[in-house]
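Scroll down for the structure; my scribbles are underneath it.
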2 protein chains.
Amino acid sequence: MEHKECMSALLPVRDTLDVIGGKWKILIIISLWEGNKHFREIERSIPKLSTKVLSKELKDLEENQLITRTVLNGFPVRTEYKPTKHSRTLEKVILELQHWGINHRKEMFGDRNEADNAIAVSG
Amino acid sequence: MEHKECMSALLPVRDTLDVIGGKWKILIIISLWEGNKHFREIERSIPKLSTKVLSKELKDLEENQLITRTVLNGFPVRTEYKPTKHSRTLEKVILELQHWGINHRKEMFGDRNEADNAIAVSG
DNA sequence: GTAATCAGTTACCTTTTGGTAAGCAGTTAC
DNA sequence: GTAACTGCTTACCAAAAGGTAACTGATTAC
């Protein structure tokens with residue numbers, strides 16, 4: 001009957017999922033980690049990502065202090081997005097999510113590798 | 001240039017978020033870990049969770065082999081939901097999400113490191 | 001003036017997710 | 001037969017997330 005306790009421990013979990021959940025946020029962060037800095041650059045680095053969604057996601061990420069936005073004056077006006085130090089703390093989380101996903105697939109589709117399954121169909 | 005590689009590494013991350021993302025899944029798993037077994041029992045253990053959503057989420061969790069469903073014959077027909085061993089592998093992930101959420105809150109609302117971050121990156 | 005680039009915004013839709021309420025099937029108890 | 005419990009399903013909505021396409025504003029290049 002100690003549900004209260006468990007549920008309060010879950011608030012931070014929900015916070016985290018709100019910040020990095022959704023379809024694009026982690027992809028965008030990684031794109032920035034890879035060195036992409038400008039709006040169009042980021043957009044082009046992630047297939048199927050539209051300007052509207054990117055715009056919204058960048059705002060969310062900035063609000064959560066995972067990226068910074070700087071407008072540079074010059075030529076055709078450029079904006080520079082950079083990942084913050086704080087964003088680096090996500091590496092461990094993302095790695096953990098990745099590991100679990102890999103292990104989960106093994107659990108779901110068998111320990112044998114998929115190539116085996118695909119090739120040796122009819123025994 | 002190495003986007004392909006990064007993106008393929010992200011597939012497991014997306015898998016994981018699909019499995020444990022959303023508003024209720026982690027709560028339900030934890031409710032089962034706490035010992036709740038029956039439909040109504042789980043429903044009552046999580047405030048604001050409706051039968052419809054619980055029903056759907058339980059199916060998803062069963063598909064992902066995180067819980068098992070057993071129908072017991074007897075009295076007013078009872079179903080027993082139990083967390084699998086595999087579900088236990090989520091503990092580490094959830095803990096990591098929780099830690100990050102807590103730390104993120106400190107980062108956002110604690111004044112200590114704010115200036116640090118903003119200045120360090122735009123240098 | 002026309003085109004093209006960057007960095008977005010806006011309007012409009014569709015899909016997904018979540019919520020509300022009612023109802024159904026099966027069984028027990030009265 | 002009526003109520004009450006369990007374990008759901010169904011129909012109907014509302015909100016949020018995501019997608020498409022057009023368009024703005026600034027500036028350079030021709």
Side-chain angles (χ1 to χ4, degrees), chain A residues 7 10-11 13-29 31-32 35-64 66-83, chain B residues 7 10-11 13-29 31-32 35-64 67-83 122:
Chain A
M7 295 307 161
L10 273 172
L11 288 175
V13 176
R14 286 247 48 82
D15 285 348
T16 304
L17 291 178
D18 285 349
V19 171
I20 64 166
K23 210 166 167 180
W24 303 111
K25 286 191 176 95
I26 293 182
L27 276 78
I28 293 169
I29 290 168
S31 176
L32 294 201
N36 295 309
K37 285 175 167 49
H38 309 293
F39 194 90
R40 295 290 180 205
E41 197 178 10
I42 300 160
E43 190 182 2
R44 280 189 296 253
S45 76
I46 302 171
K48 305 267 185 184
L49 174 57
S50 70
T51 59
K52 182 196 133 182
V53 173
L54 176 56
S55 175
K56 194 232 168 200
E57 299 295 67
L58 286 172
K59 275 175 194 159
D60 290 350
L61 293 173
E62 200 191 350
E63 263 180 32
N64 282 301
L66 295 172
I67 65 173
T68 57
R69 178 179 177 274
T70 321
V71 181
L72 313 169
N73 24 12
F75 323 69
V77 176
R78 311 210 83 188
T79 340
E80 204 173 68
Y81 293 95
K82 281 183 178 177
Chain B
M7 296 307 162
L10 273 173
L11 287 175
V13 176
R14 286 247 49 81
D15 286 348
T16 304
L17 291 178
D18 285 348
V19 172
I20 63 165
K23 209 167 168 179
W24 303 109
K25 284 187 179 101
I26 293 181
L27 276 79
I28 292 168
I29 291 169
S31 176
L32 294 201
N36 295 309
K37 285 177 167 49
H38 309 295
F39 195 89
R40 295 286 181 206
E41 198 178 10
I42 300 160
E43 189 182 2
R44 281 190 294 252
S45 76
I46 303 171
K48 304 267 184 183
L49 174 57
S50 70
T51 60
K52 181 197 134 182
V53 172
L54 176 57
S55 175
K56 194 233 169 200
E57 300 293 67
L58 287 171
K59 274 174 195 162
D60 291 349
L61 293 173
E62 201 192 348
E63 263 178 34
N64 282 301
I67 66 173
T68 57
R69 179 179 178 273
T70 321
V71 181
L72 313 168
N73 25 11
F75 326 68
V77 175
R78 311 210 83 189
T79 341
E80 204 174 68
Y81 293 94
K82 281 184 179 176
S122 59

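Quick note on labels: first sequence line is chain A, next is B, and so on, each numbered from 1. The figures here come from the full heavy-atom set of this structure, side chains too, leaving out hydrogens, waters and symmetry mates.
Phosphate contact (OP1/OP2 of C:dT9, side-chain N/O of A:K59, threshold under 4.0 Å): present. Close to D:dC8, at under 4.0 Å from its OP1 or OP2, lies a side-chain N or O of B:R69. Considering only side-chain N and O atoms, A:R44 lies under 4.0 angstrom from the phosphate OP1 or OP2 of C:dC6. Between B:K23 and C:dG19 there is a side-chain polar atom (N or O) within less than 4.0 angstrom of OP1 or OP2. Distances shown here put every side-chain N or O of B:Y81 at or beyond 4.0 Å from the OP1 or OP2 atom of D:dT6. Close to C:dG8, at under 4.0 Å from its OP1 or OP2, lies a side-chain N or O of A:T79. For the OP1/OP2 pair of C:dG8 and a distance below 4.0 Å, the side-chain nitrogens and oxygens of A:S55 include no atom meeting the criterion.
Taking atom CD1 on B:I42 and atom C1' on D:dG7, their separation rounds to 11 Å, with Å as the unit. Between A:D18 atom CG and C:dG18 atom P the separation is 12 Å, expressed in whole Å. In this structure, CD of A:E41 is placed 10 Å from P of C:dC6, rounded to the nearest angstrom. Rounded to whole Å, the distance from CG on B:L54 to C1' on D:dG7 is 10 Å. For the pair B:W24 CH2 and C:dG19 C1', the interatomic distance rounds to 10 Å; values are reported in whole Å. Between B:L27 atom CG and C:dT17 atom P there is a gap of 17 Å when expressed in whole angstrom units. Here D:dA21 presents its P atom at 15 Å from CG of A:L49, a figure rounded to the nearest Å. Residue B:E43 contributes atom CD, which lies 13 Å from atom C1' of D:dT9 at whole-angstrom precision.
Among the atoms of the strands shown, only primed sugar atoms or phosphate atoms (P, OP1, OP2) are found under 4.0 Å from some heavy atom of A:R78. Nucleic acid contact for A:K48: none, since no nucleic acid atom lies under 4.0 Å from a heavy atom of the residue. Here A:S50 lies in heavy-atom contact (under 4.0 Å) with a base.
With B:L27 as reference, B:I46 is the one residue of B:L32, B:L49, B:I46, B:I42 to meet the side-chain contact (heavy atoms from CB on, under 4.5 Å) rule.
Looking at B:E80 and B:K37, no side-chain N of the basic residue comes within less than 4.0 Å of a carboxylate O on the acidic one, giving no salt bridge. A salt bridge links A:R40 to A:E43: one of the charged nitrogens lies within less than 4.0 Å of a carboxylate oxygen.
Comparing C:dC6, D:dG19, C:dG18 against the side chain of A:K52 picks out D:dG19 as the nearest.
Summarising the base pairing, C:dC30 is matched to D:dG1 through a Watson-Crick or G-U wobble pair whose two defining distances lie under 3.5 Å.
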